[in-house]
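Worth knowing before you read on, the calculation uses all heavy atoms, side chains too, and leaves out hydrogens, waters and symmetry mates.
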Amino acid sequence: MDNSRIARRDFLKGAGALGLAAVAWPLAGCGPQGSSPSRAATSNPPVRSPGATPIKHVIVDVQENRSFDHYYGFAPFVGKYGVPSGYSQPDGSGGVIAPHHLTSGSTADIAHTWTAMHRGYDGGKMDGFYKANGGVALGYYGPADLPFYYGLFESSTLCVNYFSSILGPTYPNRFYLAAGTSGGVTTNGVWGYGVLDYPIILDLLDEAGVTWKVYNIGLDSVSGGESDNVFVFWKKWARDQRTTAVKSDYLQDLQDGRLPQVSFIVPSFSMGWDEHPPADISVGMGIQRELITALQRSTAWAGAAYILTYDESGGFFDHVTPPRLDAYGLGIRVPTWVISPFAKPGHLEPALYEHGSVLKFIEAVFGLPTLASINHKFDSSTPGGPENEAAGAQALGPPAPPRDGSDAIGSLLECFTF
């Protein structure tokens with residue numbers, strides 16, 4: 001394995017965190033189950049009953065470590081949502097530096113920890129990306145570099161205010177996608193089979209009899225901290241066979257007309273298929289083209305919605321200040337496409353989204369309750385300690401109820417015409 005591909009988790013292994021942080025952190029509750037829920041946790045916006053939309057299949061693919069401006073800030077179709085004219089960043093020496101076009105599809109993997117993300121954010125001024133990570137953080141791509149992605153605009157919707165869930169790295173952001181909360185985790189230090197134990201979207205789907213599957217586009221090591229399939233981190237789903245489907249299963253299920261109602265796609269980190277630097281962006285894009293084209297050629301396409309997003313920004317620049325919903329986020333803006341026969345074509349959707357919006361969409365399409373309505377574990381507080389940098393070394397950290405109950409974020413239904 002290329003050592004550059006495992007740098008994301010190396011710092012934890014060197015510190016001996018594997019096993020200790022991962023096992024001890026999440027199974028302990030925080031905040032009494034009977035405590036008064038916060039406003040965000042009890043807010044339960046009306047949802048459509050099952051069948052109220054023509055969507056029969058929701059496919060969610062979460063790529064890695066790209067910001068909106070890094071991919072689409074200079075796209076000809078983004079208008080006022082792109083990088084402003086004359087935009088630059090302080091260089092730390094009294095001068096400024098402007099964004100520059102990257103000449104290679106592969107770049108160094110730059111820092112994207114809680115600390116690095118907050119340096120780029122700089123209290124909302126969004127001017128610390130160069131000081132946090134140097135010139136590569138101001139690099140961007142264009143239509144010649146990302147032809148398939150740019151070509152999606154003609155028939156799809158691009159979400160221009162979709163933010164990662166927290167100002168931090170991969171795992172906590174993916175926890176938000178699964179559960180609407182990371183339970184206070186802000187680092188990549190919690191991983192492994194069955195180390196988490198609170199409700200996630202799979203619980204809601206199973207309870208309602210909605211079929212689902214997790215398709216791994218290349219299987220990475222879970223116990224080694226390489227896999228982005230965080231669903232198996234939850235105790236109930238750690239050994240469920242539906243979490244271990246692979247690319248050939250996805251293609252065969254499409255061919256046989258057996259695609260489940262909800263699919264999560266997890267491209268490989270260690271193989272460089274998820275666009276995580278230093279992976280070549282053309283490789284991940286090529287895989288997305290194959291997966292999306294296969295869907296469009298199948299019988300499932302007539303009722304499908306394919307959501308293509310990114311877990312976090314990877315340390316790359318973005319000029320839009322993320323709204324502050326709570327002590328953990330929102331994080332930096334990331335690219336997100338809604339691809340469907342019912343998506344508004346050539347549309348820039350300005351509604352506020354984050355990973356909890358994907359949950360809200362699934363819940364709305366299939367008539368599910370919110371995770372916020374059944375998980376009150378983090379309404380009052382979260383466990384402190386080294387994995388919760390928002391706790392400031394205290395025993396308890398700020399609350400983090402599931403955001404799918406929040407009225408502040410949209411449900412992605414705004415991207416469709418039914």
* To do: Please assess Q288 against Y149 for the test side chain to side chain donor-acceptor pair (under 3.5 Å), listing each intermediate value before the final yes or no.
  => CA-CA 9 Å; Q288 289 307 304; Y149 288 161; 5.2 Å; no
* To do: Could you give me the CA-CA distance, side-chain angles and deciding distance for Y81 and D69, then say whether side chain to side chain donor-acceptor pair (under 3.5 Å) is met?
  => CA-CA 9 Å; Y81 300 105; D69 279 347; over 6 Å; no
* F361 and L413: side chain to side chain contact (heavy atoms under 4.5 Å, CB included), yes or no, with the steps? -> CA-CA 7 Å; F361 178 65; L413 286 171; 3.8 Å; yes
* Worked verdict on C159 versus V338 for side chain to side chain contact (heavy atoms under 4.5 Å, CB included) -> CA-CA 8 Å; C159 302; V338 174; 4.0 Å; yes
* **Full working for side chain to side chain donor-acceptor pair (under 3.5 Å) between E387 and T187** => CA-CA 6 Å; E387 311 305 341; T187 76; 2.4 Å; yes
* To do: Please assess V358 against I201 for the test side chain to side chain contact (heavy atoms under 4.5 Å, CB included), listing each intermediate value before the final yes or no.
  => CA-CA 10 Å; V358 175; I201 187 63; over 6 Å; no
* Report the C-alpha separation of D318 and H70 in whole Å, then their side-chain angles, then the decisive distance to 0.1 Å, and conclude whether the side chain to side chain donor-acceptor pair (under 3.5 Å) test is met. => CA-CA 7 Å; D318 195 80; H70 169 64; over 6 Å; no
* Under the side chain to side chain contact (heavy atoms under 4.5 Å, CB included) rule, what do Q394 and L396 come out as? Steps first, then yes or no, please. => CA-CA 5 Å; Q394 300 299 308; L396 294 176; 5.9 Å; no
* **Intermediate values then yes/no, ring-ring contact (aromatic ring centres under 6.0 Å, His included), F163 and Y353** => CA-CA 6 Å; F163 297 83; Y353 298 131; 9.9 Å; no
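Counting only N and O atoms by type, the side chains of T382 and N388 include a donor and acceptor under 3.5 Å apart. D203 and W234 share no side-chain donor-acceptor pair at under 3.5 Å. For the residue pair D220/S268, the side-chain donor-acceptor check at 3.5 Å is satisfied. Side-chain contact of T309 with T336: a donor-acceptor pair under 3.5 Å is present, judged by distance alone. W237 and Y193 share no donor-acceptor pair across their side chains, judged by distance under 3.5 Å alone. Side chains of Q296 and Y306: no donor on one and acceptor on the other come within 3.5 Å. Looking at D311 and T170, their side chains do bring a donor and an acceptor atom within 3.5 Å of each other. Counting only N and O atoms by type, the side chains of D145 and Y150 include no donor and acceptor under 3.5 Å apart. Counting only N and O atoms by type, the side chains of T186 and E389 include a donor and acceptor under 3.5 Å apart. Between the side chains of H276 and D228, no donor-acceptor pair is found at a separation under 3.5 Å.
Residue W337 forms a ring pair (Phe, Tyr, Trp, His ring centres under 6.0 Å) with just one option from Y72, Y162, F148, and that option is Y72.
Judged by the 6.0 Å and 45° rule, R324 forms a cation-pi pair with Y121. Remark: R333 is positioned above the aromatic ring of F68, its terminal NZ or CZ atom under 6.0 angstrom from the ring centre and at most 45 degrees off the axis.
For K344 (side chain) and E349 (main-chain N/O), no donor-acceptor pair under 3.5 Å exists by modelled atom type. Remark: the backbone N or O of F378 is not paired with any side-chain donor or acceptor of Y198 at under 3.5 angstrom. With H112 contributing its side chain and I110 its backbone, the two residues share a donor-acceptor pair below 3.5 Å. Between the side chain of R174 and the backbone N or O of V62, at least one donor-acceptor pair lies under 3.5 Å. With S156 contributing its side chain and L152 its backbone, the two residues share a donor-acceptor pair below 3.5 Å. Under the 3.5 Å distance criterion, the side-chain polar atoms of Q261 are matched with a main-chain donor or acceptor of T211.
The six-membered or imidazole ring of Y141 lies away from that of F74, with a centre-to-centre distance of 6.0 Å or more. Taking the centre of each ring, F342 and F416 stay at or above the 6.0 Å mark. Side-chain rings of H101 and Y140 approach one another, their centers coming within less than 6.0 Å. Annotation: F317 is not in aromatic contact with F129 [ring centroid separation under 6.0 Å not met].
Annotation for N216 and T243: closest pair ND2-O, 2.9 Å, computed over non-hydrogen atoms. Considering all non-hydrogen atoms of both residues, R66 and A279 come closest at NH2-O, 3.7 Å.
Taking the six-membered ring where tryptophan is involved, the planes of Y71 and Y310 are perpendicular, since the angle between them exceeds 60° and thus also 30°.
With respect to the salt-bridge test (charged N to carboxylate O, under 4.0 angstrom), the residues K213 and D253 qualify. With respect to the salt-bridge test (charged N to carboxylate O, under 4.0 angstrom), the residues R242 and D206 qualify. The pair E354-R403 counts as a salt bridge, with a side-chain nitrogen and a carboxylate oxygen less than 4.0 angstrom apart.
By the 6.0 Å contact criterion, CZ on R289 is open, its count of non-hydrogen atoms from other residues, nucleotides or ligands being 12 or less.
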